[in-house]
Amino acid sequence: MNLLENATPAQREAITHHDGALMILAGAGSGKTLVITSRIARLIHDGVPPRNILAITFTNKAAAEMKERMETLLGRTSAWISTFHSMCARILRAHADRLGFTRDFIIYDTDDTRSCIKSLIKKTGLDSASFNPRVFAGIISRAKRDAITPDDFAACAYGPVEKAAAELYPQYEQALHSNNCMDFDDLLLMCRRLLRENSDILQKYADRFRYISVDEFQDTNPIQYMLARLLACKHKNICVVGDPDQTIYTWRGATLQNIFDFEKDFPGAKVIRLEQNFRSTKNILRAASELIKHNVMRKEKTLITDNPEGDEITVMESGDEQDEADNVARFIRDCVDGGCAHHDIAVLFRVNAQSRALEESMLHHNIPYTIVGTVAFYRRKEIKDILAYLRLAVNRDDAVSFTRAVNTPPRGMGRVTLGRISDIASREGVTVMDVLAGKSKESPLSKRQKQSANAFCGIIEKIRAMHDKPVTDIVMEAVRLSGYQRRLEDGRDDRADDRIANMDELINAAAEYGRQNEEATLQDFLEQVALVSDTDRWDEKADRVTLMTLHSAKGLEFPVVIICGLEEGLLPHMLSMESPDQIEEERRLCFVGMTRAMKRLALTYARRRAVSGRYHDRMPSRFLNEIPADAVDIRKTAAGEPDKTDGELDDDPGGFSGDLGFKGGDYVQHEHFGPGRIMSLQKRGRLTHARIFFEEAGERTVVLQYANLKREEGW
DNA sequence: GCCGTATAATTTTTT
DNA sequence: ATTATACGGC
């Protein structure tokens, strides 16, 4: 095979690794995707049946790409290539009965979860003014991804908010169960439970998956790692690939602990480092490397490249965000005039709100563009409204979809009546649809309401009866039956045209999905909709400039990258400025953005920016000062401002205060944990808590006064 | 009791 | 700009 032809020795070693655990620490741009794909292709080439292979990717898009590559190499494949969430959904559907669900369960997204919790708050009689569903959703989600049960949570709950959360958590679980629904965390958690409690099922999958690989391992959470370990328990052929410097999802529960644990959980695991970068110019790589060196909580790693030196990095100062967007447009123009295609260019930013000014500027300058993932398509109101009908047809128990669909458009059953319906349903132990259909003992409905209730039940039944028809037909029928379109057409919604276009787009998406998956059911389509992100819908072949968040850019590369909004408060983000850990994650995010660039990189900031309508003066990001000055070319466009670029901002990594002679960034030696480096110090009364990154033991918090730390020279 | 309109409030990143 | 709540008309 020619897979090895151009490979470096390290890559070659990874590709040819057969049995036993393997961890690949792959620096940015080191060709890791190629390596894992090649390794799997080689396994298959050497006689491993594809059905014995499981490859976990971070996004559905990455899964689709890998599948495509495999199919060009080997033809149609029966290997499982998917995200953790999709894999879990698939396993759970096959065995839902063991957990008391049916295979038709619906997957709740964050909004659904919030509505569900909101109605529980109301039902429980908690003061809904002071308790925000979002906060509880966050607390419960955090508990779930650390595998903390409602009982455990209640035992440790402290303070009014946690106490309330402890009350809501089991109710939420109960509601999900009786709605026959699972949220994103459940997919992982329930799957783990299924495998742990049913040894026959675990056996089946552990037998089947002889070779397992997990991509973007640095961004997996504890449950995901537990799942991977469970599935690998028989053959122990698990290959994880990751780069600690690219951890950008700790807010979603990702933890580097997984990387530290791996070698302990799989003794004798081979560790391979890929440190040669094939993507970026020397200049870009050097700048990114210097930046990431400012992270304290990090193992030193040096990326090298044979690529040419390349152009200097352009740093642009602008007056405000419009000015910035214009400068970006001009920069793009220059690139295009220099022979660059639009699809070679990406504009990256920290928050979705930044896309608006950029979009206007693209329109104004006539530059073709696509925005990835602003208001995710499937989360738009009109789309969710139609989906609610479809979901209800698949699963009558889904109370959240019921609440959404039943009065969209209005059917004469308002807040009060719906509250009564919900009360009766829980009192009699039936579903809300049953109450509506008059199957309960009590009914709160007036004669007139009964009529429209019947009409509504009829609509749902009609959609349900179409279950063996093509998905497109079902979606079209749902749009028609709901009366939604008609209402938009007469109504005075000034964005009616947009909404109608979006519903057409939904029908197109269903058609496209139906074409690619001929056997697909409505339920499959709904699952796809729940798990597929906007990035997955991104069409990279079109000749357009791509606008997206730094998070969405993970795993991608572009010849030209422009990162906007390098300002204190935006990158690093204001909400991440409280703790050094979070600042480091912001720095990694910036690092990820910079290392997407192959040839040209531009970084921009504005002196003023509107934040929710009000203009604020801004300071250039500290990250700009962490990039070597000789790697950049600074351009200022708007005149009349005093010079303030470098120099003025001092380079203080967090401004830690010293204590017992220790300060942030110091290298230390601990009796048990060995060598480490202090990330942060926090005074707690008389004592000082030190957050320390240990080379062997990972992140720990120790009390400085008791820890008996010794000074070290550095690693 | 329902529904539409006005007013207030609010945005990090996403499977 | 979109979305949650409040209020008044029906």
Side-chain angles (χ1 to χ4, degrees), chain A residues 56-63 82-89 107-111 113-115 118 128-129 132-134 138 141 145 182-188 216 219-221 223-224 247-254 348-356 372-376 378-382 384 407-420 444-446 448-449 452 491-495 498 527-536 548-554 565 569-577 582 585-586 588-590 592-593 610-614:
Chain A
I56 305 280
T57 57
F58 192 71
T59 62
N60 290 288
K61 185 175 171 56
S82 73
T83 62
F84 269 110
H85 288 86
S86 301
M87 173 192 77
C88 290
I107 299 167
Y108 275 176
D109 67 20
T110 338
D111 294 330
T113 296
R114 266 159 59 185
S115 332
K118 192 174 166 191
S128 55
N132 181 334
R134 188 182 218 183
S141 172
R145 45 190 203 218
M182 298 198 198
D183 64 20
F184 287 136
D185 300 308
D186 280 342
L187 291 176
L188 307 170
E216 308 284 5
D219 274 326
T220 52
N221 69 24
I223 298 275
Q224 289 171 329
T247 307
I248 54 173
Y249 282 92
T250 57
W251 52 274
R252 218 171 69 186
L348 309 180
F349 38 82
R350 175 68 237 265
V351 301
N352 283 311
Q354 287 174 261
S355 68
R356 238 188 72 210
V372 177
T374 38
V375 179
Y378 290 118
R379 288 176 62 181
R380 297 199 169 125
K381 183 180 175 339
E382 59 276 19
K384 288 219 71 166
N407 263 330
T408 330
R411 287 194 175 79
M413 286 169 288
R415 207 180 62 241
V416 180
T417 308
L418 286 183
R420 287 179 185 160
L445 303 177
S446 68
R448 202 187 169 81
Q449 285 176 323
S452 72
R492 306 251 130 36
D493 186 337
D494 48 353
R495 287 196 19 238
D498 273 355
E527 175 170 317
Q528 158 96 356
V529 163
L531 295 180
V532 156
S533 71
D534 234 33
T535 322
D536 301 325
M548 64 171 122
T549 63
L550 288 160
H551 281 89
S552 310
K554 180 189 171 98
L570 197 52
L571 184 64
H573 195 276
M574 200 158 43
L575 297 178
S576 295
M577 292 187 30
Q582 289 181 316
E585 179 137 324
E586 298 285 315
R588 289 193 293 270
L589 195 52
C590 187
V592 166
V611 180
S612 52
R614 278 255 166 284

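Reminder, nothing fancy here: chain letters follow the sequence lines and each chain counts from 1.
Here B:dT12 is the nucleotide among B:dT12, B:dC3, B:dT15 with the atom lying nearest to any side-chain atom of A:E586. Listed candidates were B:dT14, B:dC3, B:dT12. Nearest to the side chain of A:T549 is B:dT14. In the set C:dA4, B:dT13, B:dC2, B:dC2 carries the atom at the smallest distance from any side-chain atom of A:Q449. Here the nucleotide nearest the side chain of A:S576, chosen from B:dT15, B:dT14, B:dT12, is B:dT12.
Between the CG atom of A:N221 and the P atom of B:dT13 there is a distance of 20 Å, rounded to whole Å. Distance A:I223 CD1 to B:dT15 C1': 14 Å, rounded to the nearest Å. Taking atom CZ of residue A:R134 and atom P of nucleotide B:dA9, one finds them 16 Å apart after rounding to whole Å. Atom CZ in A:R252 sits roughly 6 Å away from atom P in B:dT15 (whole-Å rounding). As a whole-Å value, the separation of A:L570 CG from B:dT12 C1' is 9 Å. As a whole-Å value, the separation of A:D183 CG from B:dT15 C1' is 11 Å. Between the CG atom of A:N60 and the P atom of B:dT15 there is a distance of 8 Å, rounded to whole Å. Taking atom CG of residue A:L575 and atom P of nucleotide B:dT12, one finds them 6 Å apart after rounding to whole Å.
At B:dT15, none of the side-chain N or O atoms of A:T59 fall inside 4.0 Å of OP1 or OP2 (strictly under the cut-off). At B:dT12, none of the side-chain N or O atoms of A:N352 fall inside 4.0 Å of OP1 or OP2 (strictly under the cut-off).
Among the heavy atoms of the strands lying under 4.0 Å from A:R411 are primed sugar atoms or P, OP1, OP2 only; no base atom is included. Contact annotation for A:R588: no contact, since no heavy-atom pair falls under 4.0 Å across all strands. Looking at heavy-atom distances under 4.0 Å, A:T110 makes contact with a base. Backbone-only contact: A:K118 has heavy atoms under 4.0 Å from sugar-phosphate atoms and none from a base.
Nearest-nucleotide positions on DNA chain C for A:R356 and A:R114 put A:R356 closer to the 5' end. Nearer the 5' end of DNA chain B, as judged by each residue's closest nucleotide, is the contact made by A:T417, out of A:T417 and A:Y249. Heavy-atom nearest nucleotides on DNA chain B were determined for A:R350 and for A:F84, and the one closer to the 5' end corresponds to A:R350. Mapping A:R415 and A:K381 onto DNA chain C by nearest heavy atom places A:K381 at the nucleotide closer to the 5' end.
Contacts of A:T250 classified as side-chain contact (heavy atoms from CB on, under 4.5 Å), with partners at least two apart in sequence or in another chain: A:T247, A:E585, A:R588. Applying the side-chain contact (heavy atoms from CB on, under 4.5 Å) rule to A:M574 yields no partners; only residues at least two apart in sequence or on another chain are considered.
At least one side-chain heavy atom of A:I107 sits less than 4.5 Å from a side-chain heavy atom of A:L531. Residues A:F58 and A:T220 fail the side-chain proximity criterion, which asks for heavy atoms closer than 4.5 Å. Considering only heavy atoms from C-beta on, A:D109 comes within 4.5 Å of A:K384 through its side chain.
In this structure, A:I248 CD1 and A:E216 CD are separated by 8.0 Å, a value rounded to the nearest 0.5 Å.
You won't find any donor-acceptor pair under 3.5 Å spanning the side chain of A:H573 and the base of B:dT12, going by distance alone.
Ring stacking holds between A:W251 and B:dT13, with the centres under 5.5 Å apart and the planes within 30 degrees of each other.
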